[in-house]
Amino acid sequence: MKKNTLIILTVILLLSATVHARTDIAAFCYHQVEPSASGKFSLTLEKFKNQLDYLKKRNYKSLNSEELLAAISTSSATIENQVVITFDDGFKTVYDYAFPAMQEAGFKGIVCVYPSFIGSRLAMTWQQLKELIKAGWSVECHSMSHTNLSSLHEDPAREKAFLQHEIVAARQIIESKLGNRVKLMVWPYGVYTQNTIQTIKDADFAGAMTVDGGANYKGISPYMIKRQVIYNTDDMDKFLMRFGMAALPLTDQHPQPGQVVEQLATFSCKIANLSDYSPEKYVLNAKTTGKKVSFSFDQANRTLTASVASNFAPGNYFIDIYLRDKKTGVTAQNGWLFTVAGENKPVGY
Ligand SMILES: [Zn+2]
């Protein structure tokens with residue numbers, strides 16, 4: 001290849017990179033990173049490094065909690081190629097393998113820890129967490145004992161004491177051990193209810209991280225930060241698919257995010273920005289955890305209504321709405337969680 005051709009190609013590449021700069025923020029939820037991965041939530045160091053490499057080559061900047069909260073606030077400057085890399089639970093493998101790889105790539109992360117795990121055989125020590133903070137990382141609260149926080153929703157008095165312990169007392173321990181300021185609550189299993197959200201608002205948390213699908217955007221509620229979970233079995237294509245999910249702002253969700261309902265077979269939401277819907281332009285889809293749904297979209301009021309054949313059994317469920325733009329090939333996603341009252345089984349993060 002001639003030198004001139006190479007220069008022209010480089011310029012084209014740089015231009016296209018500028019044109020496609022992302023204005024929404026994908027956040028990843030990792031758990032473990034190890035030389036040889038074991039388990040659903042453990043990633044090989046090789047895969048992890050390849051993913052970081054992909055982001056680094058495209059000039060992505062990683063955000064800690066403070067920067068993320070600033071970026072999604074309505075008064076933020078323009079968002080451009082920013083990403084959030086989080087690690088749930090506080091495994092030692094994050095310190096041993098992910099941290100050096102992140103340092104090498106120039107990234108900082110957010111670790112979400114629960115005090116009853118820290119210092120145990122498989123976990124980081126408080127001292128190691130302090131080192132991460134020194135390197136620009138954030139350490140946030142992932143409850144006291146990693147329990148399903150929707151499990152006591154049927155007993156208000158017990159629930160209140162339970163949430164104070166799992167959320168407020170857990171944060172106090174983290175802050176006193178690390179001397180940091182915990183800003184975010186990170187729901188175990190991604191499970192939240194309207195009561196858990198109220199608890200963190202009353203306790204002056206600045207926001208919360210979910211595992212609801214989609215990307216974050218300027219103006220999204222800081223209590224509804226979305227993350228894509230990365231699994232052991234994800235190959236590069238799967239990673240890029242999760243990373244590529246664009247933001248899809250929704251309003252008027254029924255049930256509302258975190259709502260506890262007695263029974264449910266129908267859900268709906270408004271896709272307010274979707275003014276030009278047609279099946280020729282877009283592919284619309286709705287999904288829930290473990291249930292097949294059929295849906296319709298009413299163009300006049302931009303409302304999607306979906307139903308399942310039989311009522312949801314008691315438990316926690318994710319709803320996901322997808323919108324693929326046929327012209328650009330980009331899929332936008334917005335997920336949220338609700339609970340059907342009764343005995344709860346964790347959904348599995
Ligand atoms: Zn966890």
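Each ligand, and each atom within it, is numbered from 1 in the order the structure gives.
In this structure, F243 has its ring center closer than 6.0 angstrom to the ring center of F28. Centroid-to-centroid, the aromatic rings of Y97 and F48 stay 6.0 Å apart or farther.
Taking backbone and side-chain atoms together, H146 has an N/O/S atom less than 2.8 Å away from the Zn ion (ligand 1).
H142 has its closest N, O or S atom to the Zn ion (ligand 1) at the position named NE2. Counting just the N/O/S atoms of D89, the one with the shortest distance to the Zn ion (ligand 1) is named OD1.
Applying the side chain to side chain contact (heavy atoms under 4.5 Å, CB included) criterion to N232, with sequence neighbours excluded, gives A37.
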Under 3.5 Å, side-chain donor or acceptor atoms of residues 244-258 against the rest of the protein: list the pairs with distances, not counting sequence neighbours.
unit_1	atom_1	unit_2	atom_2	d
Q256	OE1	Q194	NE2	2.9

